[in-house]
Amino acid sequence: DDDALELFKKTLPSPALLQVEGSAKRLRQRAMEALRVGAAGRADPRMDLVMLALKGHSKNFDKVLKMIDDMVALLAKEQEDDSAKKTYCEGALDNTEDEVKALEQKVEDYEKAMADAKEGIATLTEELASLAAGIKALDKSVAEATETRQEENAEYKDTMAANKAAKELLGVAKNRLAKFYTPKLYKAAPKRELSAEDRIFV
């Protein structure tokens, strides 16, 4: 971990200063203590490896420093990878959020379209019911008008028949009057033979 490394470097700045500060054993102990503090609560096999190297009785710290430098380089690479992953994840999250917003907008549009369609269906249903009622009323009106026309036609026929009979009767009366007053205009009625039944009544 970076904090542990910084603490370790502060404790152990360079090999030249180590000789000034005290014995190698004492420096190893301080370095071990710094690593323990830095690794507290975390299991990291790389830290364990550095601590194991410090426990060895080597005269110098070149191997340990190389291990630390390798660890720092590895941590830097991991940090770079983590940053790239974080950037990728943030981009993917943004894209996903955009897609979710677009889908939510589509759902909202579809719900609105469905509401409009339901409203249109309700309006059409009302209009159809109104048209059906109008057609029914029109049928009733046509039936009543037809009945009225039939009655008027029958009455007209009766009136025409009565007028014809009256005209014929007036013609007969006129002819009878002509027999007495203007014999020249009189027209004798055609003789018709009476049937046996008619003779009985006559």
Side-chain angles (χ1 to χ4, degrees), residues 1-15 17-18 27-56 61-153:
D1 160 304
D2 289 341
D3 293 336
L5 179 61
E6 289 301 318
L7 183 61
F8 180 74
K9 283 184 176 181
K10 284 179 186 176
T11 308
L12 189 64
S14 70
L17 291 174
L18 285 177
L27 289 173
R28 276 196 191 94
Q29 288 173 349
R30 285 176 63 194
M32 293 273 292
E33 187 60 33
L35 287 171
R36 267 194 219 97
V37 170
R42 286 177 288 200
D44 188 347
R46 294 170 297 188
M47 287 288 217
D48 293 341
L49 187 60
V50 172
M51 288 171 69
L52 185 63
L54 285 172
K55 284 181 186 177
F61 286 97
D62 290 342
K63 289 183 179 177
V64 174
L65 291 175
K66 184 172 183 332
M67 290 174 70
I68 292 171
D69 289 340
D70 291 345
M71 189 182 297
V72 168
L74 183 61
L75 288 172
K77 178 74 171 73
E78 287 178 356
Q79 180 64 40
E80 188 180 322
D81 292 345
D82 288 345
S83 297
K85 285 179 184 176
K86 181 182 177 189
T87 304
Y88 171 77
C89 290
E90 286 173 349
L93 187 61
D94 286 344
N95 290 339
T96 303
E97 286 175 356
D98 292 342
E99 288 175 6
V100 167
K101 284 179 185 175
L103 289 173
E104 286 174 351
Q105 184 61 46
K106 279 186 181 178
V107 168
E108 188 177 328
D109 292 344
Y110 287 142
E111 286 175 350
K112 187 177 182 301
M114 285 173 61
D116 291 345
K118 284 180 182 176
E119 188 178 336
I121 289 169
T123 304
L124 285 174
T125 303
E126 289 177 9
E127 289 176 358
L128 286 172
S130 176
L131 285 171
I135 290 170
K136 190 174 180 182
L138 184 62
D139 287 345
K140 184 179 178 185
S141 174
V142 167
E144 289 173 356
T146 302
E147 187 179 347
T148 302
R149 277 196 295 277
Q150 286 174 346
E151 290 172 359
E152 288 173 352
N153 188 36

I need the [X] [atom1] to [Y] [atom2] distance, nearest 0.5 Å.
X: Leu124; Y: Leu131; atom1: CG; atom2: CG; answer: 10.0 Å
X: Leu74; Y: Glu78; atom1: CG; atom2: CD; answer: 4.5 Å
X: Cys89; Y: Asp94; atom1: SG; atom2: CG; answer: 11.0 Å
X: Asp82; Y: Thr87; atom1: CG; atom2: OG1; answer: 10.5 Å
X: Glu108; Y: Lys101; atom1: CD; atom2: NZ; answer: 13.5 Å

Query raised in the report: Between Asn95 and Glu99, is any side-chain donor less than 3.5 angstrom from a side-chain acceptor?
Result: no
Query - Sub-4.5 Å side-chain heavy-atom contact between Leu93 and Glu90 - result: no
**Report entry** All pairs passing salt bridge (charged side-chain N to carboxylate O under 4.0 Å, His left out) where residues 110-135 contributes a residue, at least two apart
**Finding:** Lys112-Asp116
Query raised in the report: Looking only at atom types and distance, does a side-chain atom of Ser141 sit under 3.5 Å from a main-chain N or O of Ala137, one as donor and one as acceptor?
Result: no
Report task. Report the residues that fulfil side-chain contact (heavy atoms from CB on, under 4.5 Å) with Thr146, sequence neighbours left out, ordered by chain and then residue number. Result -> Val142, Arg149, Gln150
Query raised in the report: Can we say Lys77 and Asp81 salt-bridge, meaning some charged N sits less than 4.0 Å from an Asp/Glu carboxylate O?
Result: yes
